[in-house]
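Have a look at the structure below before the remarks.
Side chains included, hydrogens not; waters and symmetry mates left out as well; all remaining heavy atoms used. By convention here, the first residue in the shown sequence is residue 1. Since we're looking at a predicted model, the values are computed, not measured.
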Amino acid sequence: MHRLISTFAVAALATTGLGISVALAEYPEKPVEFVVPFPPGDLEDVLTRMIAEDFQKEYGVAAAVINKPSDGGPFPGAAEVAVAPADGYTIGSFVVGIPVVGPQVGIPELNPDPFEPLGIFVTYPFVMASAKNSGINTMEDLKGTDDKALGHFGSFLIPTQVSFALAKQMGFEWGSEAAFDALDCNTLASGDVDVINTTLQLILPCLDDVNVLASITGDRISKTPDAPTVGELDPSLAIALWNGLFVHKDTPQDVRDKIVAVAQKTVMSERAQAVAANTGAQIYWVDSADAAAQIEKDIATTAAIEKMLAN
């Protein structure tokens, strides 16, 4: 009997010890995934890979970017992050549409919004541009017109919605609009459309032959400092296409802090800022509280735009 009790006691102590060991295990102790719900190669992917590399160096565990593109846009990929354990081992690298539009797209995992931002780190250099020989040199030149064609990446996207709303606010109408797989120098040179809504990266090779009419960004783009932001033209449309890091709302604060410590340092590094200089992107760090405030502001702005376009 004494031997049996001793055996139980040893087992109990072992179990308790194991429990303490698990409870005290420091994050991270296993591989971490940064989920980018887009194909590789764009700014959010490039910068998130930098963050993952630095995370691996800092904490000595494997860290990788997992690309999850789909026909449903970024939302199915975000839903996979939503159902992962809230332990910091699955981190979302999400565009503005995930927290702003995600709860409305009919995916149960995204409504109510399951995420909280760790921070925002990039604004894409989205612009409205025309060919130099088009006779459209500024947005003012479009006033009173109703025959100009707009090319965009999708009518549901925030920059496109802003372009529609700006036309309405400035008193002109797009004669036609269409989505394109690519909107670059060739699009303008071909004359397929009069104005394109695209990212500056795609027209950098022909920037001398292009008029950048306005940028859909928070601040003016460094490579096109004379082009106003849409927010300058109409403050009610001040919104930008940004990307940030997100985790599930139940993720512990100490875990969040460790992710942020690396990400903030990475995006302010020389190599990240070199990307900003080369592309016209705005790369920075906005903390969780300010990011949450930005999301609330963007939700209000997109709701106002939706109402504006419906009338």
Side-chain angles (χ1 to χ4, degrees), residues 26-38 43-45 47-52 54-55 58-59 61 63-68 72-124 158 218 239-268 282-303:
E26 285 196 17
Y27 171 90
E29 61 171 349
K30 62 182 182 179
V32 173
E33 293 184 351
F34 291 81
V35 175
V36 174
F38 287 111
L43 285 167
E44 76 289 331
D45 181 70
L47 292 167
T48 305
R49 287 180 187 279
M50 288 185 184
I51 293 170
D54 289 349
F55 190 96
E58 178 69 21
Y59 298 119
V61 298
V65 169
I66 308 298
N67 296 94
K68 297 268 186 181
F75 304 108
E80 291 188 34
V81 179
V83 299
D87 54 10
Y89 289 98
T90 307
I91 303 158
S93 182
F94 294 156
V95 72
V96 54
I98 297 299
V100 172
V101 182
Q104 305 169 28
V105 299
I107 297 178
E109 292 84 358
L110 300 182
N111 187 13
D113 183 4
F115 304 115
E116 287 182 350
L118 298 177
I120 296 171
F121 60 83
V122 62
T123 296
Y124 299 85
I158 286 174
I239 194 169
L241 193 67
W242 50 255
N243 202 89
L245 293 182
F246 288 78
V247 291
H248 194 280
K249 289 180 177 179
D250 296 333
T251 303
Q253 187 60 49
D254 63 319
V255 171
R256 301 180 190 216
D257 291 342
K258 287 191 172 183
I259 301 167
V260 168
V262 171
Q264 184 174 7
K265 185 176 179 181
T266 298
V267 299
M268 299 312 297
Q282 295 160 14
I283 300 174
Y284 49 83
W285 185 258
V286 168
D287 67 22
S288 58
D290 288 340
Q294 183 65 54
I295 290 167
E296 291 303 312
K297 180 176 180 293
D298 289 346
I299 289 172
T301 301
T302 54

Q) Which heavy atom of His248 sits nearest a heavy atom of Arg256, and at what distance? A) O-NH2, 3.7 Å
(Q) For Ser288 versus Pro117, what's the shortest heavy-atom pair and its separation? (A) CB-O, 3.2 Å
**Q.** Expected output: side-chain Asp113 to main-chain Pro103 donor-acceptor under 3.5 Å
**A.** no
Q) Do other residues, nucleotides or ligands put more than 12 heavy atoms under 6.0 Å from Lys249 NZ? A) yes
Q | Side chains of Phe38 and Pro74 in contact at under 4.5 Å (non-hydrogen atoms) | A | yes
Q.
Quick one about Gln294 and Asp290 (side-chain donor to acceptor, distance below 3.5 Å, no hydrogens or angles considered), yes or no?
A. no
Q) What is the distance from atom CD1 of Ile51 to atom CD of Glu44, rounded to the nearest 0.5 Å? A) 11.5 Å
Q.
Distance check, rounded to the nearest 0.5 Å: Asp54 atom CG versus Arg49 atom CZ?
A. 14.0 Å
Q: Indicate the atoms forming the closest heavy-atom contact of Ile259 with Gly88, along with that distance.
A: CD1-O, 4.2 Å
Q.
Is it the case that the side chains of Gln282 and Tyr124 hold a donor-acceptor pair, with the cut-off being a distance below 3.5 Å and no angle test?
A. no
**Q.** pair Ile66-Phe34: side-chain heavy atoms closer than 4.5 Å
**A.** no
Q.
With a 3.5 Å distance limit and no angle check, can you tell me whether Thr48 reaches the backbone of Asp45 through a side-chain donor-acceptor pair?
A. no
Q.
Let's go through Phe55 and Val61 carefully: what are the C-alpha distance in whole Å and the side-chain angles of both, what is the deciding distance for side-chain contact (heavy atoms from CB on, under 4.5 Å) to 0.1 Å, and is it a yes or a no?
A. CA-CA 8 Å; Phe55 190 96; Val61 298; 4.0 Å; yes
(Q) Using side-chain heavy atoms (C-beta onward) and a distance below 4.5 Å, is Tyr27 in contact with Val32? (A) yes
Q: Would you name the heavy atoms of Gly77 and Val35 that are closest together and state the gap between them?
A: O-CG1, 4.2 Å
Q. To the nearest 0.5 Å, how far apart are CZ in Phe115 and CD1 in Ile98?
A. 7.0 Å
Q) Only one of Val247, Ile91, Thr90 clears side-chain contact (heavy atoms from CB on, under 4.5 Å) with Val81; which? A) Thr90
Q: Might you point out which heavy atoms bring Pro37 and Ala78 nearest each other, and give the distance in Å?
A: CB-N, 4.4 Å
**Q.** Val267 and Tyr284, any side-chain heavy atoms less than 4.5 Å apart
**A.** no
(Q) Check the orientation of Phe121 and Trp285. Use parallel for under 30°, tilted for 30 to 60°, and perpendicular for over 60°. (A) parallel
Q. Is any side-chain N of the basic residue among Glu26 and Lys258 closer than 4.0 Å to the acidic one's carboxylate O?
A. yes
**Q.** Ile239 vs Ile158, side-chain contact (heavy atoms from CB on, under 4.5 Å): CA-CA, chis, key distance, verdict
**A.** CA-CA 8 Å; Ile239 194 169; Ile158 286 174; 4.0 Å; yes
Q) Nearest 0.5 Å, what's the CD-NZ distance between Glu33 and Lys68? A) 7.0 Å
Q.
Using the side-chain hydrogen bond (donor to acceptor under 3.5 Å, both in side chains) criterion, which residues pair with Tyr89? Sequence neighbours excluded.
A. none
Q: Would you mind reporting whether Leu241 and Thr123 have side-chain heavy atoms less than 4.5 Å apart?
A: no
Q) Going from CG on Asp287 to CD1 on Ile120, what distance comes out if it is rounded to the nearest 0.5 angstrom? A) 9.5 Å
Q: Return the set of residues passing side-chain contact (heavy atoms from CB on, under 4.5 Å) with Ile107 (not counting sequence neighbours), or none when no residue passes.
A: Phe75, Pro76, Ala79, Val105, Glu109, Leu110
Q. Between Ser93 and Asn243, do the side chains contain an N or O donor and an N or O acceptor separated by less than 3.5 Å?
A. yes
Q) If you look at every heavy atom in Trp242 and Asp298, which pair is closest and at what distance? A) NE1-OD2, 2.8 Å
Q) Between Thr302 and Val101, is any pair of side-chain heavy atoms under 4.5 Å apart? A) no
